[in-house]
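Beneath this line is the structure, given in structure tokens, with notes to follow.
Here is how names work: the chains are called A, B, and so on, in the same order as the sequence lines, proteins then strands, and each is numbered from 1.
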Amino acid sequence: MKEHTDKNFENRLTAIRDQLSEMSAVVEKQLSLALNCIKSKDSDYSITIQNLDLQVDDFEKAVRDECFEVLTLHRPVASDLRLVFTALKVSKEMERIGDHCRGLSNKAITSKSDLDPEIIEALSALGRSVLSVVHEVFDSLFTGNIEKAKESWRRDLEIDKLYKSILKTLIDKMEKNDSIIETGTQHILIAKSLERIGDHAGNIAEEVIFNISGQYQDIEKIRV
Amino acid sequence: MVDNNNFALKTNNVYVHYGNKMAINNVALDFPKNEVTSLIGPSGCGKSTFLRCLNRMNDVIDSCKVEGSFIMNNTIDIYRDDLPIENLREKIGMVFQKPNPFPKSIYENVAYGPKIHGVTSSQSELDDLVKESLHRAGLYDEVKDRLTDVATGLSGGQQQRLCIARAISIKPEIILMDEPCSALDPIATAKIEDLINELKENYTIIIVTHSMSQASRVSTKTAFFHLGNLIEEGDTSKIFTKPDKEQTNDYITGRFG
């Protein structure tokens, strides 16, 4: 695509893309550290995640303010309008992913270590799937790859299945052994946070598809 | 299946040359009834030349050669040799970039066309038509007490609405507008745009504009011209959100390099 004749407008759109890119890198780092917390329960990770979350919040505000100014001063249309619209919505989804990372890392480091290793491994596997989908959807956003966005949307189904499986296993174990109810409940909430992060990645995929195609597509059709 | 009766004007295989220079290259564009179609594109792209073909304004330019098919209401070939030009202009009116009222009274400006074309049969009928046309152009309340004043004393925006009243007084089917707001301030522009929106209930409007935001505000269809070619046409909402052609996207987003 050609550059804008109005360089100020071009620079502002570039700034929005750059801010989203930096924000996505911080969010991915948060998620990666949060997954470490599930296994190691290292409080240093949690502190780092909280500090990164402040950065993510600042990025979201910066993207919002820049988009508002671009809408007001440059009145974008077509591909530029779709970019601004997408940036506004995607930055909000990223910010929510950051919140979930902070929440699940807090739960992970404060929960007791009285669960079977297989549950922890299942949670870690769910986390790896979520991280992979998040990475893939961010990649689709910055490379404009609609097929990759659709694929990450489909993969959200796998995440839902893993989550349901973990939920069932934990409930079964808690029914049999009431001493692990407190820790089990904490880990259900951790699994739920990961599943919600997958949903946010799906929402981002929807926005990426809109940014490229100009249309919102039926999620169920793509999943089939 | 497309219903041909829904089109006020259909054009096909249109070529226009000024001497040896090609100004329009094989354009086919149809204009739906009671809708506003915007023609956009950079200076020299051929949009005004094309607009002027639609009521044979180019006939007076010796070096201009127009070819192609221009069919009104699915039946009338507007370039037919035996079609009197005044009859064509009765059906297809035009409003120009710069307001051009006659140096006559406000009343006479609007009454002139109906008198020439014999639209009315009595003075009271003509009075009513002048009043109705000024009403429809959103000007009556501002001039009702000074209909005998000279029209050139009106503001630019009022003069342009007077020209629209003059155009609609002979009850055309199509109104061509060539950058009708380019000489007006934002308030007068807003009044004209509001008027265009009301007029489309009764007329088919084709407007040439350099203002992309005006095209997006007033029209339901938009056609993008470049170097004499029709690059893309379609629903305005689609053209301004996800045009099919990259060339269209580049132009409307301001990538002119």
Side-chain angles (χ1 to χ4, degrees), chain A residues 1-18 20 66-90 140-141 143-147 149-150 204-218 221-222, chain B residues 36-45 47 181-182 184-187 189-190 193 207-227 229-257:
Chain A
M1 194 185 289
K2 287 179 193 166
E3 284 201 352
H4 273 278
T5 306
D6 177 351
K7 292 288 177 282
N8 181 29
F9 189 11
E10 183 70 30
N11 292 341
R12 284 181 160 233
L13 292 176
T14 302
I16 290 172
R17 281 191 210 96
D18 289 349
L20 268 188
E66 192 64 29
C67 287
F68 188 72
E69 288 223 352
V70 165
L71 286 168
T72 309
L73 302 177
H74 296 280
R75 304 185 182 186
V77 293
S79 56
D80 299 334
L81 178 62
R82 298 201 307 277
L83 170 69
V84 172
F85 200 75
T86 301
L88 276 171
K89 297 188 81 176
V90 164
S140 74
L141 174 63
T143 58
N145 188 330
I146 198 164
E147 289 311 316
K150 287 179 181 175
I204 292 172
E206 198 175 341
E207 298 306 327
V208 173
I209 293 165
F210 168 76
N211 186 31
I212 299 164
S213 71
Q215 289 179 326
Y216 282 103
Q217 298 195 5
D218 187 339
K221 279 184 187 164
I222 285 177
Chain B
V36 181
T37 302
S38 286
L39 311 183
I40 62 168
S43 295
C45 70
K47 57 190 188 301
C181 302
S182 62
L184 306 182
D185 74 6
I187 297 169
T189 297
E193 289 180 0
I207 177 172
V208 162
T209 177
H210 268 134
S211 163
M212 248 86 76
S213 55
Q214 180 169 68
S216 64
R217 284 193 299 267
V218 302
S219 61
T220 46
K221 299 273 177 188
T222 297
F224 168 53
F225 285 73
H226 189 250
L227 297 176
N229 297 296
L230 173 62
I231 305 298
E232 185 171 355
E233 53 107 0
D235 288 348
T236 297
S237 60
K238 183 170 188 308
I239 295 286
F240 284 93
T241 51
K242 181 67 174 75
D244 288 332
K245 303 278 174 63
E246 191 172 338
Q247 205 174 347
T248 313
N249 189 78
D250 284 346
Y251 180 72
I252 63 171
T253 58
R255 293 172 168 87
F256 306 129

Problem set entry | Spacing of CG belonging to Asn249(B) relative to CG belonging to Asp80(A), to within rounding of 0.5 Å | 7.0 Å

Exercise. Given Ser216(B) and Val77(A), is the side chain to side chain contact (heavy atoms under 4.5 Å, CB included) satisfied, shown in steps?
Worked result: CA-CA 10 Å; Ser216(B) 64; Val77(A) 293; 5.9 Å; no

Exercise. Ignoring hydrogens and geometry, is there a side-chain-to-backbone donor-acceptor pair from Arg255(B) to Lys2(A) under 3.5 Å?
Worked result: yes

Problem set entry | Straight-line distance of Thr241(B) OG1 to Arg82(A) CZ, nearest 0.5 Å | 7.0 Å

Exercise. Of all residues at least two apart in sequence or in a different chain, which pass the ring pair (Phe, Tyr, Trp, His ring centres under 6.0 Å) check with Tyr251(B)?
Worked result: Phe224(B), Phe256(B)

Problem set entry | Phe9(A), part contacting chain B, at a heavy-atom distance under 4.5 Å | side chain

Problem set entry | Other residues, nucleotides, ligands: >12 heavy atoms within 6.0 Å of Arg17(A) CZ | yes

Seminar exercise, completed: Ile239(B) and Ala78(A) have their tightest heavy-atom pair at O-CB, 4.5 Å

For this session: Could you tell me which portion of Leu13(A) (side chain, backbone, both or neither) has an atom closer than 4.5 angstrom to a non-hydrogen atom of chain B?
Result: side chain

Exercise. How far does CG of Asp250(B) sit from NE2 of His4(A), to the nearest 0.5 angstrom?
Worked result: 9.0 Å

For this session: Give a yes or no answer on whether the side chain of Thr5(A) reaches the backbone of Gly254(B) with a donor-acceptor pair at less than 3.5 Å.
Result: yes

